[in-house]
Student: 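Just passing along the structure, written as structure tokens.
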Amino acid sequence: MDSENQGKEYREDRVDIVKNGDGFAVGYTQKGEWLEYTVNVETSGTLPFELSYASGMDNTGFRLFMDDEPITDTLALTGTGDFDIYGTFKGKTTKELTKGEHVLKVLITSDYVNLDWIAFGKIDGDIMDKRNGTTGILPKFASDAANAFAKNAGVYKVFDLMGNMLGKIRLNAGATLTDIKTGLKTAGYNNGAYVIRSAAGQTVRINSGR
């Protein structure tokens with residue numbers, strides 16, 4: 001609704017970004033505002049999802065769209081008690097998604113709710129353990145996603161969660177989640193969260209310490 005980053009964190013543009021512990025979240029939201037993300041849907045069908053949010057208001061909400069078509073009803077979220085207390089909402093898409101590249105739209109349907117992350121698909125383990133304080137649409141965390149990721153042997157690029165390239169690792173074809181973690185450790189990367197990118201531009205997020 002305005003051209004200033006009201007949270008004054010992370011970057012200088014229209015998106016209002018606030019500090020959230022060791023990371024960031026989208027905040028100072030107003031009804032009618034929206035965010036769009038280019039996403040790659042790996043599995044067709046209706047998918048479960050989780051989102052992390054905070055609000056000092058009694059009720060708040062979002063609605064999710066894919067290519068401008070609604071994929072959820074308006075999500076009615078209860079207040080978390082304060083804007084720095086985050087809770088998790090679990091749901092399932094109301095429309096089948098199709099494989100391939102799409103545009104995900106997050107529409108804010110009420111004033112003043114902070115959004116930390118959204119994750120689609122089966123979640124392997126406790127998603128709060130996966131969080132590394134960054135705002136964004138997180139990739140599917142299930143180990144089968146990692147298994148499908150390393151289809152070809154070769155060199156894969158390693159990035160931090162801010163998008164900075166840190167280096168490269170070599171993976172064998174069919175490398176599992178454990179293989180990728182081992183590869184990071186062998187290459188000298190510390191425990192933490194990394195984004196691995198293939199030559200084709202596909203990415204997977206890995207928590208090497210988990």
Student: Between Thr38 and Glu101, is any pair of side-chain heavy atoms under 4.5 Å apart?
Tutor: yes

Student: What verdict does the side-chain contact (heavy atoms from CB on, under 4.5 Å) test give for Val18 and Asn114, after you've listed the backbone C-alpha separation in whole Å, the side-chain angles of each residue and the deciding distance to 0.1 Å?
Tutor: CA-CA 8 Å; Val18 298; Asn114 292 2; 3.9 Å; yes

Student: For Phe62 and Leu51, which heavy atoms make the closest approach, and how far apart are they?
Tutor: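 Between these two residues, the closest heavy atoms are CE1-CD1, 4.1 Å.
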
Student: Report the C-alpha separation of Lys8 and Glu4 in whole Å, then their side-chain angles, then the decisive distance to 0.1 Å, and conclude whether the salt bridge (charged side-chain N to carboxylate O under 4.0 Å, His left out) test is met.
Tutor: CA-CA 8 Å; Lys8 304 186 186 304; Glu4 185 179 352; 2.5 Å; yes

Student: Does the side chain of Phe89 come within less than 4.5 Å of Phe49's, by heavy atoms?
Tutor: yes

Student: Within this structure, what is the CG-CD distance for the pair Asp16 and Glu9, rounded to the nearest 0.5 Å?
Tutor: 12.0 Å

Student: Determine, stepwise, if the pair Asp84 / Asn20 fulfils side-chain contact (heavy atoms from CB on, under 4.5 Å).
Tutor: CA-CA 7 Å; Asp84 59 359; Asn20 176 19; over 6 Å; no

Student: Can you find a pair of side-chain heavy atoms, one from Ile169 and one from Val155, that are under 4.5 Å apart?
Tutor: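 A side-chain contact under 4.5 Å is absent here.
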
Student: If you apply the rule side-chain contact (heavy atoms from CB on, under 4.5 Å), what do you find for Tyr194 with Asn190, and how did you get there?
Tutor: CA-CA 10 Å; Tyr194 299 94; Asn190 296 325; 4.2 Å; yes

Student: Using only heavy-atom distances, determine whether the side chains of Thr60 and Ser110 contain a donor-acceptor pair under 3.5 Å.
Tutor: yes

Student: Closer than 3.5 angstrom, by distance alone: can the side chain of Glu36 be matched with the main-chain N or O of Val106 as a donor-acceptor pair?
Tutor: no

Student: Are the side chains of Ile118 and Tyr53 in contact, using a 4.5 Å heavy-atom criterion?
Tutor: no

Student: Could you tell me which non-hydrogen atom of Arg63 sits nearest to which non-hydrogen atom of Pro70, and how far apart they are?
Tutor: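 For Arg63 versus Pro70, the nearest heavy atoms are NH2-CB, 3.6 Å.
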
Student: Compare all side-chain heavy atoms of Phe65 with those of Leu104 and state whether any distance is below 4.5 angstrom.
Tutor: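 Of all side-chain heavy-atom pairs linking Leu104 with Phe65, none is under 4.5 Å.
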
Student: Do Tyr37 and Val41 land in one hydrophobic cluster if side-chain heavy atoms of ILVMFWY residues count as linked below 4.5 Å?
Tutor: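 They do share one cluster, since a chain of ILVMFWY contacts under 4.5 Å joins Tyr37 to Val41.
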
Student: Are more than 12 heavy atoms from other residues, nucleotides or ligands located less than 6.0 Å from atom NZ of Lys157?
Tutor: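 No.
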
Student: Show your working on side-chain contact (heavy atoms from CB on, under 4.5 Å) between Phe120 and Glu50 and close with a plain yes or no.
Tutor: CA-CA 7 Å; Phe120 287 86; Glu50 296 187 20; over 6 Å; no

Student: Do the side chains of Val103 and Asp68 get nearer than 4.5 Å, heavy atoms only?
Tutor: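 No - every pair of side-chain heavy atoms lies 4.5 Å or more apart.
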
Student: Nearest 0.5 Å please: distance from the CG atom of Leu171 over to the CG atom of Leu184.
Tutor: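 Nearest 0.5 Å value for the CG-CG distance: 8.0 Å.
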
Student: At their closest point, which heavy atom of Phe83 faces which heavy atom of Tyr112, and how far apart are they?
Tutor: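 Closest approach of Phe83 to Tyr112: CE2-O, 3.4 Å.
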
Student: Does the Thr109 side chain pair with the main chain of Gly61, one donor and one acceptor, at a distance under 3.5 Å?
Tutor: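 It does hold such a pair.
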
Student: What distance do Met165 atom CE and Arg197 atom CZ have between them, rounded to the nearest 0.5 Å?
Tutor: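 Going from CE on Met165 over to CZ on Arg197, the span is 9.5 Å.
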
Student: Taking side chain as C-beta onward, heavy atoms only, is Thr94 less than 4.5 Å from Thr46?
Tutor: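 A side-chain contact under 4.5 Å is absent here.
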
Student: Return the CG to CG distance between Leu35 and Leu107, rounded to the nearest 0.5 Å.
Tutor: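 Those atoms lie 9.5 Å apart.
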
Student: Any donor and acceptor pair, going by atom type alone, linking the side chain of Asn5 with main-chain N or O of Gly7 inside 3.5 Å?
Tutor: yes

Student: Surrounding OH of Tyr189 (heavy atoms of other residues, nucleotides or ligands, distance under 6.0 Å), is the total greater than 12?
Tutor: yes

Student: Judged by atom type as modelled, is there a donor-acceptor pair below 3.5 Å linking the side chain of Arg170 to the main-chain atoms of Tyr156?
Tutor: no

Student: On a heavy-atom basis, which atom in Lys31 and which in Met1 lie closest, and how many Å separate them?
Tutor: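 It is O-CE, 3.0 Å.
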
Student: Which residues pass the side chain to side chain donor-acceptor pair (under 3.5 Å) test with Ser55, not counting sequence neighbours?
Tutor: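 Ser55 satisfies side chain to side chain donor-acceptor pair (under 3.5 Å) with no other residue.
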
Student: Enter the distance from Asp82:CG to Tyr86:OH here, rounded to the nearest 0.5 Å.
Tutor: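 Going from CG on Asp82 over to OH on Tyr86, the span is 10.0 Å.
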
Student: Test Met66 against every option in Thr93, Thr98, Val39 by the side chain to side chain contact (heavy atoms under 4.5 Å, CB included) rule and name the one that passes.
Tutor: Val39

Student: Kindly indicate whether the side chain of Ile71, heavy atoms from C-beta on, has any atom under 4.5 Å from the side chain of Leu97.
Tutor: yes

Student: Drop me the distance from Met57's CE to Asp111's CG, to the nearest 0.5 angstrom.
Tutor: 7.0 Å

